[in-house]
Amino acid sequence: MAKKEKQANNIIAVNRKATFEYFIEERYEAGLSLQGWEVKSLRAGKCNISEAYVTVKGGEVVLFGSIINPLKTSCAFVVSDPTRTRKLLLSRREIDKLVGCVQRQGYTLIPLKMYWKGSWAKLEIAVARGKQDHDKRDSIKDKQWARDKERIMKKSFK
């Protein structure tokens with residue numbers, strides 16, 4: 001009998017700008033409080049978290065600015081708001097740690113990626129520090145050097 005292989009396509013959305021705009025300090029996995037139509041839309045891949053941000057409000061961690069577009073085949077009687085704020089599910093200890101990090105100067109919470117873990121939708125959030133323009137130029141130079149190094153190594157082994 002063949003073993004059932006894990007599905008490699010469990011990533012829903014990725015915030016590609018995050019690693020370019022921020023230095024990532026710590027990563028956390030949070031659950032999402034979603035409605036039924038949102039889960040159906042996530043299964044169809046209709047999500048964007050590139051302009052989203054995370055904040056602590058009233059002792060709860062919430063996700064602002066994420067867009068989950070409703071499907072055309074969803075229920076007609078459900079009022080769907082694609083940009084509503086969504087509550088993130090974390091333990092009290094993790095929330096307290098995030099509050100301490102955010103209150104320090106220069107730290108912010110950003111969403112990195114949204115993915116499926118089993119049948120649950122999860123969001124990877126990060127405690128990050130913003131990059132300045134010279135840091136961004138350095139990261140571009142590093143990426144270009146890594147790309148050039150790969151080309152040189154590939155040619156030398158042929």
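Everything numeric in this text was worked out from a predicted model, so none of it was measured.
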K.L.:
Report the residues that fulfil salt bridge (charged side-chain N to carboxylate O under 4.0 Å, His left out) with Lys131, sequence neighbours left out, ordered by chain and then residue number.
P.N.:
none
K.L.:
For Arg27, give me all partners under salt bridge (charged side-chain N to carboxylate O under 4.0 Å, His left out), at least two apart in sequence or on another chain.
P.N.:
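Counting only residues at least two positions away or on another chain, Arg27 forms a salt bridge (charged side-chain N to carboxylate O under 4.0 Å, His left out) with Glu124.
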K.L.:
Just jot down the salt bridge (charged side-chain N to carboxylate O under 4.0 Å, His left out) partners of Lys97, sequence neighbours excluded, or say none.
P.N.:
Glu26
K.L.:
Tell me, please, which residues at least two apart from Thr85 pass side chain to side chain contact (heavy atoms under 4.5 Å, CB included).
P.N.:
Phe64
K.L.:
Which residues satisfy the side-chain hydrogen bond (donor to acceptor under 3.5 Å, both in side chains) test with Arg151, sequence neighbours excluded?
P.N.:
Asp148
K.L.:
Restricting to non-hydrogen atoms, name the atom on Tyr53 and the atom on Pro111 that form the minimum distance, rounded to 0.1 Å.
P.N.:
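Where Tyr53 meets Pro111 most closely, the heavy atoms are CA-CD, 3.9 Å.
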K.L.:
With sequence neighbours left out, write down each residue that passes side chain to side chain contact (heavy atoms under 4.5 Å, CB included) with Lys17, or none if nothing qualifies.
P.N.:
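Result, side chain to side chain contact (heavy atoms under 4.5 Å, CB included) vs Lys17: Asn15, Glu21, Glu51.
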K.L.:
Check side-chain hydrogen bond (donor to acceptor under 3.5 Å, both in side chains) between Asn48 and all other residues, then give those that pass, not counting sequence neighbours.
P.N.:
Ser50
K.L.:
Asp142: which residues meet the side chain to side chain contact (heavy atoms under 4.5 Å, CB included) condition with it, sequence neighbours left out?
P.N.:
none
K.L.:
What's in the same ILVMFWY side-chain cluster as Ile24, cut-off under 4.5 Å, chained through other members?
P.N.:
Tyr22, Ile110, Leu112
K.L.:
Could you tell me whether the side chain of Val56 reaches within less than 4.5 Å of the side chain of Leu109, counting heavy atoms only?
P.N.:
yes
K.L.:
What residues form a side chain to side chain contact (heavy atoms under 4.5 Å, CB included) with Arg84, not counting sequence neighbours?
P.N.:
Gln35, Glu38, Asp81, Arg86
K.L.:
Under the rule for side-chain hydrogen bond (donor to acceptor under 3.5 Å, both in side chains), what residues qualify as partners of Gln132, not counting sequence neighbours?
P.N.:
His134
K.L.:
Can you list the residues that meet the salt bridge (charged side-chain N to carboxylate O under 4.0 Å, His left out) rule with Lys117, with sequence neighbours excluded?
P.N.:
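Partners of Lys117 by the salt bridge (charged side-chain N to carboxylate O under 4.0 Å, His left out) criterion, ordered by chain and then number, come out as Glu29.
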